[in-house]
Structure formats: C-alpha cells, structure tokens
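Note on naming: letters A, B, ... go to the chains in the order of the sequence lines (proteins, then strands), and numbering restarts at 1 for each one. All values below were derived from every heavy atom in this structure, side-chain atoms included, with hydrogens, water molecules and symmetry-related copies excluded.
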Amino acid sequence: MSNAEDRSQGTRRDLLRQIGAAVSLAAMGGEVLTAQDAQHVHSAVAEDAAAQKGPYQPKALTAHEFATLQRLSDLIIPADEHSKGALEARAADFIDFLCAASDEMRDIYTGGLAWLDDEMRRRYNGKDFVGAQPAEQTAMLDLIAWRKNESPELNPGIQFFSWARRMVADAYYTSPIGIKDLGYMGNTAVAQFSVPQEAVDYALKRSPFA
Amino acid sequence: MLQITRSPRVFDVVVVGSGAGGGTAVKVLTEQGLNVALLEAGPMLNPAKDFKEHVLPYQVDHRGAGPHAEMYFGRQQQAFGYFSAPNGNWTLPGEPYTVAPGSQFQWFRSRIVGGRTNHYGRISLRFSDYDFQPEDGLTDPWPVTYSEMSPWYDKAEEFIGVTGTKEGLRTAPDGNFLPPIPPRVHETLIQKSCAKLNIPCIPSRMAVLTKSIHGRAACHYCGQCGRGCQTASAFTSSQAMIFPAMKTGKLTMLTGAMARELVTDSSGKVTAVSYVDKATRTEKQIRCRAVVVAASACESARLLLNSKSPRFPNGIANSSGVVGRYLTDSVGYAASGYVPALANLPRHNSDGIGGMHVYVPWWLYGDKQKDFPRGYHIEIGGGFGMPGLGSFSGQCARHEGYGKALKDKIREEYGAMVSFAGRGEMIANKDSYCDIDPQRVDAWGIPVLRFHFAWGEGEVKQVRHMEQTFASIIETMGGQVIGQQPDPQKAISVGGLIIHEAGTVRMGSDPKISSLNQYCQAHDVKNLFVCDAAPFVSQPDKNVTLSIVAFAWRASEYLAEEMRKGNV
C-alpha cells in the first residue's frame, strides 16, 4: 500500500510500487489490468509526477491520514478496464490541497478519518483502516456508503463518506484521467456545430420514437 | 461635511449603469453626437484578463472551488462559480439590502462594466402583442403596442445578433434572425416528445453570433458563453457597445462611481448626478443636461427614492407614488430527468453555444382549462458538458455506494440527463415592492433598499402546471423524473432568484399611476429617463434583456431628438 511517506521520497522505485498497488487493488476488485494498462498507469503517473516537479507533499493531512484518504479514493473510484482510478488521478492530493486552504474542510477530513480508524479498531481487533484487510475495508464502506444505514452509531461515518465520495468524484472527473474516462470532447473551437448522425440514430433507436 | 467636487464640464447626458440598458443608451447617444459620461459602480472590465474561457478545471489548483474551498460551503465569491465571467453576487461587501419580516427576496447585483450582460443566458425573446395590451385585464396596458415596438426589436436584433427561425407563433413573435443552430441529441428527443404532446419546441433565440456581424466574430462553439467570450460572439454591452463608444471620443467613463442622488434645480430639472468615488470615498457631482438611469430595476428605484428635495419629497419622478411598487420577478421552477435512450450515448463534442439550442415558447394562450393566469416558457438543458466540480454530485447522492458500480453509473449517465426550467409571468401584487429602509445605510452612507415580496396563488398554480408538464415530456421520451418537489409552495423560486426584476419605475399614459411616459421619460422631470427593466408595466414570460435594449434604443433616439429640438 502506498502512503504519503513513500510518496514523499519520490523515487522511481516508489512510483513503481504505487503502480503495483494500483494493479493489485484492481485485481482485488475482480478486474485485472493488462500489462499494457499497467504500462499506461506507469507512464501517466510518471508524467503527472514530472509535471508536479516531484511527488505531492500533503499540506494539511498527516502521512497516515493522507494514506487513508488515498485508499478510500481508490475504493470509491477504482481503476477498471476503461481507465485508471482516483488513486492514479491523485484525488487525495486535491482534497488535501483544499484541506490546507480551509479549516472547515480540514476538520471534515481529520474528523471523518479519525472516526473511520476508531470504528475499524473497534470492529477489527485494533486495526486501523489502512491496516485492515481489503474485505474488512469494504465491509465498513458497505455500512457507511448508504443512507439506509443511518443510525446514531453510523451517522458520522455516513456523513463523512458522503463528503469523501462527492469530492473524490469531483477530483477524479476534473482530472485528465477522469475527463478521458467520460469521453468529454469539447472545449475546442470549431467552425460549424454539427451532431453526428450515428449518435442521433443510437438514441432514437433506443427511444419510444423508434 | 464632505467636500463635494463639481465637474466644471457639463455633459449632454450622464448614464448611470452599464448593463443592457446603459450600454444601449451609451451606444445610441454617442452615435447621435452627444457627449456622454457613464457612471459604473464597479470596475472596468478587461476581457483578456477577466474571462476564463477555455480553462479546464485541472488547470487551476482549486479546480473552481475557490482559493479557500468556498464553493463547498456555498460561499463562492461569484454566484455562478469561479469560472463564470465577473458577474456580481447575491450579497456585496459594504452594500447590504434588507428584507421585511415575512418576506423572502434575493437581490442579485453586478458591479462591473457590462453588468449582468457579461454572463447572462443570452435568451432573446420579443414580448407579444398581448403582453403590451393584455386581453385579460389583469395588468394595466403598456403605453405602447407591439407594432410600435417591432421596429425597435428589429434594430436591437440586427445589432446584437439573435439566432432563430420564423415560426409564426403569436406567443413568440418572429424577428430578424441569424441562422439557428442544430439541436443536440437530447434536444432532438425532447422535440419528438413535445411533438407527441402537442407542445411546440423550436430553435432557440439566443444573442450568439452564428455568423459574423458588426466586426464581431462568429461563434466558435465552445459552449462557455457564461464565462465571457473573448471574441465577443456572445453579446455583452461592454464589448459590443461600450468599448466601441469609448473609441469615438464622445464617452467619458467613470468606474467605481456609485450614484447617490440626482440633483435638481429650482425648476425641477436634473442638473447633476451626485456620486461617491469609491476609491477615495469622496462625494462628487457630475453636471449634465439630461440623465439616463439604467442601474437595474431596483437600483434605479433606489436612486430615485433617495433623490429627495422640497420639490420631490417622495423622491424624484415619484409624484404618483409608484416608484418601488409593482416589483416582479419571473416565476421559476426546474426539474431534471434521466433518459435511458441516451445511456452510454456515443461520445462527441456537444458544446455548441452556451445554453439551449431549442426551447418551448408558451403554447396555451387563451386556454380556458388552466387554473392560472398568463403563461411560461421552458428552457432546456443537457448534453456532454465540460465536467466540473459538482457535475456528478447528483449521481453520488442518488446511486450512493462506491467502486466500479458507481463509476459505471456515472459514465452511463454522462450526457443522459436532461433538465427543464420554467420561466413564467408573475402578476404584480400590492405585497411585492421595494422601499427605502429607514434604519440602514450602506458603506457609502446611501440609504439601502428594503424588499417586500409574496407570490400570488396564480404563480403557485403555474408551478404545479410546470411540474406536470416537465414530467410528461420526460416520461414521453422514456425517461424518469429526478428530484421532483411535489409541493409547489416549496418548489417555486425565491423572489429575485431568477434575476428578472422589473416594474419598479413603471411607464404609463396616466401620470397619476405611472412614473414614466412611453419613451421612458419621467412625467415629472423632462430630462430624466429610466432605461432598464424598471419601466416595464408587466413581467411577460419572456426574458427581459432584448426588450431592455429595444426600449433603451427608442428612448435614447427620442432623447437625442428632443435635445436637438431644445425640448430637453
């Protein structure tokens, strides 16, 4: 599992280790990355890191909190056969950046992450979130990712997870990786606006107007 | 006591406010050869620096959340987000307003050269004949008819450039249109759905150039009109009217100039505008032969009400007592839907122009079955928009969970969501008005406005009709309505929220019940004109900007002519 301390070292070996983590996490979710995909992950991470002039240094969260957030982001939007996930898209970097910019935001995350660890320790023999087994991590998320589980006991976790899910999605879908996943093709100057007939036909064929 | 500096120069006309009305007045009056000074309470606009066109979220470190993550806590500095053109907000530092107990009202103000035209939706609809001369008797007739206004709409459209098609509908009078823009995929489905329901859904009428006119380039279809357009292909009063007027040498710009009061002589004519120079917090006076007040409907009413003198104890141009009264905003209601036929739609660039390519004009004029007066039009949203913060918050909240299932849902629904916004006519009522709050002044010492506002029963019923109509359109195309608020009392927009305030300095033929004549000229003060939506006698279900331009154009030509004749 990568964590902030590893990343702060910024060596090539660490990058490779992150990719290893990404691949194994994807495999865990029932998805296996091909070698080609892994190479893709590698290049993109390397490019991102180069663009950042070295790995991101958490500004507001501790190394442990940051590693927990990274793991959460990877579970919320994992890599799949289409694209890389929120870990590779550096969703945690964006959230930490905003935590450094806003005390209110920082408190949501430090409080929520502490609640998560506390709840994990209580349930899993003192293991915190990143130290727990993947199945234990997802068992926890299966509780706090749904409003139907609202209860005095779980509400802080449900509220926190709602923030984390929304902001991981924000971070991911505004990143180059996420934009590519969606297939957004605009933000460009064209001389004429036209709609591909193929797209019109696709929709009409599936509509009540077929 | 502050030392008041008077300008030695006497301008032909001082224009207060630089939005659609002020911009038009500046353009027309300078072209008529008059020397004009423009007072704008905000700063100068610099499109090259201020417009964030073509910036992807990740090119900014906070991606649009704001330097202190303000967006996540509803405290953004700009109401429509970080990437929007400089536009103002619901609250402005140092410039409060109050809302009377029991009322709800939100007042949007723009303080920048160009005002709200820098970011507005560019929807450009002519009012209908029955809007000017109502057949149901529920509001007073305007002092002009559609046929009198039609040539002025022609001029306005010819200059700002409006897309559209001739449809022959009484509820949506045709104009001189630029070529329309083809419907996006979801818009084609909506047109088919509407056709089945006997609802017209026609090419939209937008102030965006589908071909180059007046030295402004044709649109490049990036869909970001709301961010401000570097090529001025989307109309703004700043780029299309004020900047060109500055080059004529006939226009003197005064920015950071907050109008406080209109100063009159013993004969009751306006001789100067008193304003606060915000940078130095000093009061100055600028002398003029005539004044055009175009500060936005409520701000114009405030300036008139604050211009008190022994001759005008209730404020200038207010012997009728109507100034501040007849305040209306459009009735607003919105709903969205998920359309399975659009799920995983083949990807393509659907940016187009900023906003809708088709819309629904009112279609039930004269219908005896409906249980509310007047009507509404429907604005349409959807397509593969540029992803931004919050783009998928709806999916996160609706589908919940996490992992691949959530990721797949987001990909599937991207481009498969449609939205509908109703914009309807509010009938002015005695409980909706603004007056001067006797207790408060702003940071410049100027007494502030106090709002009183209540929707009538008809408006609430109209919202129920919108809700049912939107659901029918969505369901007829096989979609599912999302986030419906079944209680119209809760679903109706807060007053002011649609930003179509009008009526607060209304025109009319009878000086006892109106402030202005048909040329937007004060009955009481011949050299005072009001050229925003304040003169409007009613709030038709058609966005006010095009009519502001048309009325301001007519008023300005009339003013120039009257000055030439020596009547003003």
Query - Which portion of H357(B) sits near chain A, non-hydrogen atoms under 4.5 angstrom - result: side chain
Query - Minimal non-hydrogen separation, K404(B) against P78(A), with atom names - result: N-CG, 3.6 Å
Query raised in the report: Less than 4.5 Å apart, any side-chain heavy atom of R165(A) and any of Q395(B)?
Result: no
Requested in this report: Any chance you could lay out the side chain to side chain contact (heavy atoms under 4.5 Å, CB included) test for T138(A) and Y402(B), step after step, and finish with the verdict?
Outcome: CA-CA 9 Å; T138(A) 52; Y402(B) 62 95; 3.3 Å; yes
Query raised in the report: Quick check: does any side chain N or O of R147(A) sit under 3.5 Å from a backbone N or O of A397(B), one acting as donor and the other as acceptor?
Result: yes
Query raised in the report: If you tally heavy-atom pairs under 4.5 Å against chain A, which of G66(B), A218(B), C219(B), G385(B) wins?
Result: G385(B)
Query - Among L56(B), L342(B), T210(B), residue most engaged with chain A (heavy-atom pairs, under 4.5 Å) - result: L56(B)
Query raised in the report: Given that the side chain runs from C-beta out, which part of A343(B) has a heavy atom under 4.5 Å from chain A: side chain, backbone, both or neither?
Result: both
Query raised in the report: When rounded to the nearest 0.5 angstrom, what distance separates OH in Y202(A) from NE2 in H348(B)?
Result: 12.0 Å
Report summary line: So, the part of P67(B) with a heavy atom under 4.5 Å from chain A: the answer is backbone
Report summary line: For residues 205-233 of chain B, the salt bridge (Lys or Arg N to Asp or Glu O under 4.0 Å) pairs (sequence neighbours left out) are D174(B)-R205(B)
Report task. Could you have a look at L98(A), L182(A), D181(A), I76(A) and say which one has the most heavy-atom pairs with chain B under 4.5 angstrom? Result -> L182(A)
Requested in this report: Decide yes or no on side chain to side chain contact (heavy atoms under 4.5 Å, CB included) for Q224(B) and N187(A), but give the supporting numbers first.
Outcome: CA-CA 8 Å; Q224(B) 297 167 32; N187(A) 193 38; 2.7 Å; yes
Query - Atom pair CZ/OG of R75(B) and S102(A) - distance to nearest 0.5 Å - result: 6.5 Å
Requested in this report: Can you see which heavy atom on F209(A) is nearest to which on T476(B), and at what distance?
Outcome: CZ-O, 3.5 Å
**Report entry** Pick from L389(B), V339(B), I181(B) with the largest number of heavy-atom pairs that fall under 4.5 Å of chain A
**Finding:** L389(B)
Query raised in the report: Between I158(A) and chain B, which part of the residue has a heavy atom less than 4.5 Å away: side chain, backbone, both or neither?
Result: neither
**Report entry** Toward chain B, the part of A191(A) with a non-hydrogen atom under 4.5 Å
**Finding:** backbone
Report task. Would you give the length of the straight line joining atom NE2 of H220(B) to atom CZ of F193(A), rounded to the nearest 0.5 angstrom? Result -> 14.0 Å
Report summary line: To the nearest 0.5 Å, atom OG1 of T174(A) lies from atom CE of M386(B) at 11.0 Å
Report task. Mark yes or no for whether K192(B), through its side chain, and L204(A), through its backbone, hold a donor-acceptor pair below 3.5 Å. Result -> no
Query raised in the report: Would one find more than 12 heavy atoms of other residues, nucleotides or ligands at under 6.0 Å from atom CD of Q77(B)?
Result: no
Report task. Can you establish whether the number of heavy atoms outside Q468(B) located under 6.0 Å from its atom CD is more than 12? Result -> yes
Requested in this report: Under 4.5 Å, counting heavy-atom pairs only, tell me which of A65(B), G415(B), S350(B), G223(B) racks up the most with chain A.
Outcome: S350(B)
Report task. In sequence, state the C-alpha distance, the side-chain angles, and the governing distance for D170(A) and R63(B), and then conclude on side chain to side chain contact (heavy atoms under 4.5 Å, CB included). Result -> CA-CA 9 Å; D170(A) 279 349; R63(B) 299 194 189 181; over 6 Å; no
Query raised in the report: Contact part of F94(A) toward chain B, heavy-atom cut-off under 4.5 Å: side chain, backbone, both or neither?
Result: side chain
Query raised in the report: Taking atom OH of Y173(A) and atom OG of S393(B), what is their separation to the nearest 0.5 Å?
Result: 12.0 Å
Query raised in the report: Which one, G478(B), S193(B), A416(B), leads in non-hydrogen pairs under 4.5 Å with chain A?
Result: S193(B)
**Report entry** Under 4.5 Å from a heavy atom of chain A, the part of N344(B) involved
**Finding:** both
Report summary line: The interface call for Y72(B) against chain A, heavy-atom contacts under 4.5 Å, is both
Query raised in the report: Given T188(B) and V195(A), is the side chain to side chain contact (heavy atoms under 4.5 Å, CB included) satisfied, shown in steps?
Result: CA-CA 10 Å; T188(B) 295; V195(A) 181; over 6 Å; no
Report summary line: Whatever's closer than 4.5 Å to a heavy atom in chain A on L189(B) counts as both
Query raised in the report: Nearest heavy-atom pair of S83(A) and R411(B): which atoms, and what distance?
Result: OG-NH2, 4.2 Å
Query - Residue A171(A) versus chain B: region with a heavy atom under 4.5 Å - result: both
Report summary line: Of all heavy-atom pairs linking H399(B) and W146(A), the shortest is O-CZ3, 3.3 Å
Query raised in the report: Looking at D142(A), I77(A), I144(A), which one has more heavy-atom pairs under 4.5 Å with chain B than the rest?
Result: D142(A)
Report task. For chain A, find which of G401(B), A69(B), G403(B), P387(B) contributes the most heavy-atom pairs closer than 4.5 angstrom. Result -> G401(B)
**Report entry** Part of T188(A) within contact of chain B (heavy atom distance under 4.5 Å)
**Finding:** both
